[in-house]
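Working notes, beginning with the structure itself.
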Amino acid sequence: MPENSTYIARSSAIAARALAGEMMVMNSADSTFFTLNEVATAIFQAADGRTPLEEIVRERICEQFDVDPDEAQADAERFVAELSGHRILLVSNQPLNSEPAR
Amino acid sequence: MSLMTEVGQKAFNLGVPIAVHMDVTYRCNERCVHCYLDHDDHGEMTTDEIKGVLDQLAEAGVFFLTFSGGEVFMRRDFFELVEHARRLMFNVKIKTNAVMIHEAEARRIRELGIDTIQISVYSHRPEVHDAITKLPHSFERTVQSIRFLREQGLRVTIANVLMTANYSDHAGVQQLAAELDAQYTLDPTITPMMDGDTAILALRIPGEELRQVFSNPALVENQEEFCAPPKAPSEADLEGYPCSAGHSFCYVSPYGDVFPCVQFPLPTGNLRQQKFLDIWNFSPQMQEVRSIQAKHLTVCSSCSHVGSCSRCPGLAYMEGSMRGPSTADCEKSFYRTGVPTANMLRLGLSKPHSTTGDTAHLVQIRPVAVPA
């Protein structure tokens with residue numbers, strides 16, 4: 001397990017579905033509803049609780065989208081912070097469980 | 001435009017079934033006087049069949065899933081079905097009379113992350129509510145269940161169907177909802193029985209009472225706009241589609257039949273014989289429903305209300321033609337605005353013609369034969 005890694009997992013309390021490549025995410029507990037763009041959707045779908053965020057950004061985001069790695073990492077961290085604030089994503093420095101996203 | 005409306009419009013434009021209403025049973029522990037269902041079990045889908053349907057709905061892009069009935073808790077496997085649905089990450093709503101919900105069930109509902117529980121309450125007076133449900137002490141039990149659900153922090157909506165027996169009680173139910181910290185919604189629509197019997201339409205509240213409901217600021221927000229005379233229909237109004245039925249919404253019966261809407265009993269296919277997406281994409285009936293724009297409506301296309309009417313194509317279908325008028329909605333448009341509809345003018349009526357007592361033959365919501 002890499003040191004100082006961030007693991008992200010989708011909460012089992014949320015509802016989520018892809019619509020034309022963009023993910024709709026809803027947390028009934030606080031009535032929040034988000035639609036995620038293509039990049040955020042890719043991070044959300046990769047949030048399996050086992051893959052470190054750094055690896056998701058490197059392997060999925062930078063590979064798939066033509067973005068600067070440092071900028072992508074900073075954007076990903078902001079995105080994760082926002083969704084974890086709404087308890088849509090769970091964040092830990094240890095691996096977590098996650099529901100598969102469709 | 002809110003984000004939710006934007007998403008709904010996107011699904012509509014793409015033809016994605018973003019919302020599905022699924023009745024898991026028609027059996028019920030109440031016998032409401034206005035209910036349109038046949039409560040006998042004619043071969044409900046099994047647990048595995050429903051789970052398989054839910055898998056297909058998730059693959060098809062369904063996000064909002066409403067479980068209803070009948071009474072959903074008449075199925076012993078109901079929580080197993082909800083658990084499966086939540087694992088598939090649907091946003092789940094439940095419609096129930098709640099009399100079978102106790103503390104343990106309320107806790108389980110919270111654990112499963114249900115979005116909203118919609119519960120029918122007909123009156124704040126126990127004797128009136130119980131006379132409608134024909135289940136003694138149902139008021140007491142339903143209200144107690146709402147308390148259990150609210151104690152769990154769950155979102156509860158009280159649905160108040162108005163009919164002749166309770167139309168003066170809406171203020172009392174609204175107050176009860178406030179006391180219970182629940183949302184309140186009112187519905188003055190009574191639909192014909194599944195077998196075509198329209199006798200229950202006699203329970204619809206009289207037109208003048210409907211006018212009072214529409215002009216009550218406690219019940220209707222933005223009243224000035226709501227009750228304003230209709231604007232002259234624009235080209236966009238005539239190019240528009242009646243509602244989301246068959247476009248981004250559909251209904252699945254306990255027997256696996258798929259319909260454009262719970263209030264639109266046009267059989268389009270059966271999930272025991274066909275895949276959901278085959279029915280959704282290729283059913284000729286679904287395609288016909290989808291093809292109808294306001295300009296194609298036989299009477300309503302020339303009606304001044306066409307851009308603002310709540311015309312339900314399912315109710316129109318039950319009256320004889322999915323392209324025709326829906327008398328119940330003509331009535332609502334008239335009593336809302338005071339302006340006669342094209343259908344009324346065509347019939348030479350100064351007030352809407354009631355369909356009460358008509359005996360039009362309707363299609364039953366039952367398993368239908370679909371070629372394999």
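Convention: sequence-line order gives letters A, B, ...; per-chain numbering from 1.
In this structure, the portion of Leu14(B) lying under 4.5 Å from any heavy atom of chain A is its side chain and not its backbone. Proximity to chain A is limited to the side chain of Arg155(B), based on heavy atoms less than 4.5 angstrom apart. Proximity to chain A (any heavy atom under 4.5 Å) is restricted, for Val16(B), to the side chain, taken from C-beta onward. For a residue to count as touching a neighbouring chain, one of its non-hydrogen atoms must lie under 4.5 Å from one of that chain's; by this rule Val92(B) does not touch chain A. Residue Leu112(B): no heavy atom, backbone or side chain, is found under 4.5 Å from chain A.
Salt bridge annotation for Lys10(B)-Glu22(A): present, with a cationic side-chain nitrogen under 4.0 angstrom from a carboxylate oxygen. Ion pair Lys51(B)/Glu80(B) flagged as a salt bridge, since at least one NZ, NE, NH1 or NH2 atom sits closer than 4.0 Å to an Asp/Glu carboxylate oxygen.
Cation-pi geometry between Arg290(B) and Tyr241(B) is not satisfied (NZ or CZ under 6.0 Å from the ring centre, within 45° of the ring normal).
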Given Thr32(A) and Asp30(A), is the side chain to side chain donor-acceptor pair (under 3.5 Å) satisfied, shown in steps?
CA-CA 6 Å; Thr32(A) 47; Asp30(A) 65 356; 2.6 Å; yes

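Under the 30°/60° scheme for interplanar angles, the aromatic rings of Phe73(B) and Phe78(B) are found to stand perpendicular.
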